[in-house]
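These notes concern the structure reproduced below.
Counting convention: from 1, in listed order, for ligands and their atoms alike. These numbers come from the heavy atoms of this one structure, side chains and all, not from hydrogens, waters or symmetry mates. Being a predicted model, the structure only gives us computed values, none of them experimental.
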Amino acid sequence: MNAAQPLFQADVELDAPLLQVSGLTRLYGPDTGCQDVSFELYPGEVLGIVGESGSGKSTLLGLLSGRCPPDRGNVAYRDRDGQWLDLYSASEAERRTLLRTEWGFVEQHARDGLRMGVSAGANIGERLMAQGVRHYGQLREAGLEWLRQVEIDPARIDDLPSTFSGGMQQRLQIARNLVSGPRLVFMDEPTGGLDVSVQARLLDLLRGLVRELNLAVVIVTHDLAVARLLADRLMVMRRSRVVETGLTDQVLDDPQHAYTQLLVSSVLQP
Ligand SMILES: Nc1ncnc2c1ncn2[C@@H]1O[C@H](COP(=O)(O)OP(=O)(O)OP(=O)(O)O)[C@@H](O)[C@H]1O
């Protein structure tokens, strides 16, 4: 960033991408994994990755979030200060710091994203502590506030997540991720495995938070209804490749690729 520019410039640069991905590839076998994926993600934008089981969605999410290195390709992230960081040239420590400050990751199974042996309040406070907040009152207050935000009774703050229902655990995982004010959140089937009514409530909550906090999100889902509700833009994957991208309504209402047409029509059929 130019030294003459004001410090807040980066965060109001809404027309500059947050993430630039080019030629991202990791193959486990022919057409198995993910290959040649390129796109840009803008602040506040929700990108849905859809496709059948085994098409490479989770592999791509793992590559984007720095969890597993690519065979080739790049992921560049523009941080809060407006500096571009090349994810795979960065050190392991820098990637870890990103993941607990400016990024979040919501796992499909809440127990993979929570610390089950500590209280709900401690789960929420952990990322704040990692950012240097030490004041007990502040941590407690943030815990109570975020339990309210995700519609969990604040009186449960000292309870272990294992005493929560599946839907509550997922909401706690969301609170744990969002408390530190991330700019970019990765989500892997966040409503998968929950009852339909619980899913609907969680989706409503997620949609509200994403808008309110202007979060950029990359969400993997095989559920086109979830994609329709949350995503601004869709990327359709098949056998490790992206076969179609576009605005969500365009892709779902007027799919161009034969595979997307099949995917959409299979949902519409009774
Ligand atoms: N660590 C690994 N070693 C070998 N093969 C792998 C590995 N991870 C993924 N694969 C293979 O890569 C392909 C893509 O897997 P991936 O989990 O990315 O698909 P997906 O679209 O997320 O599927 P699902 O919706 O079932 O989670 C699959 O054939 C899978 O078996």
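Atom CG of Leu60 sits about 6.5 Å away from atom CG of Leu24, to the nearest 0.5 Å.
Side-chain atoms of Arg26 never come within 3.5 Å of backbone atoms of Gln35 as a donor-acceptor pair (strictly under, hydrogens ignored).
Within the structure, every pair that satisfies the side-chain hydrogen bond (donor to acceptor under 3.5 Å, both in side chains) test and touches residues 163-172, not counting sequence neighbours, is listed here: Arg156-Thr163, Gln170-Gln173. The stretch residues 116-130 participates, sequence neighbours left out, in these salt bridge (charged side-chain N to carboxylate O under 4.0 Å, His left out) pairs: Arg115-Glu126, Glu126-Arg176.
Listed by chain and residue number, the protein contacts of ligand 1 are Tyr28, Thr32, Gly33, Glu52, Ser53, Gly54, Ser55, Gly56, Lys57, Ser58, Thr59 (heavy atom within 4.0 angstrom).
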May I have the list of side-chain donor-acceptor pairs in residues 138-147 shorter than 3.5 Å, sequence neighbours left out?
| residue | atom | partner | partner atom | Å |
| --- | --- | --- | --- | --- |
| Arg140 | NH1 | Asp158 | OD1 | 2.9 |
| Arg140 | NH2 | Asp158 | OD2 | 3.2 |
| Glu145 | OE1 | Arg148 | NH1 | 3.2 |

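Checked against the 6.0 Å centroid threshold, Phe186 and Trp103 count as a close aromatic pair.
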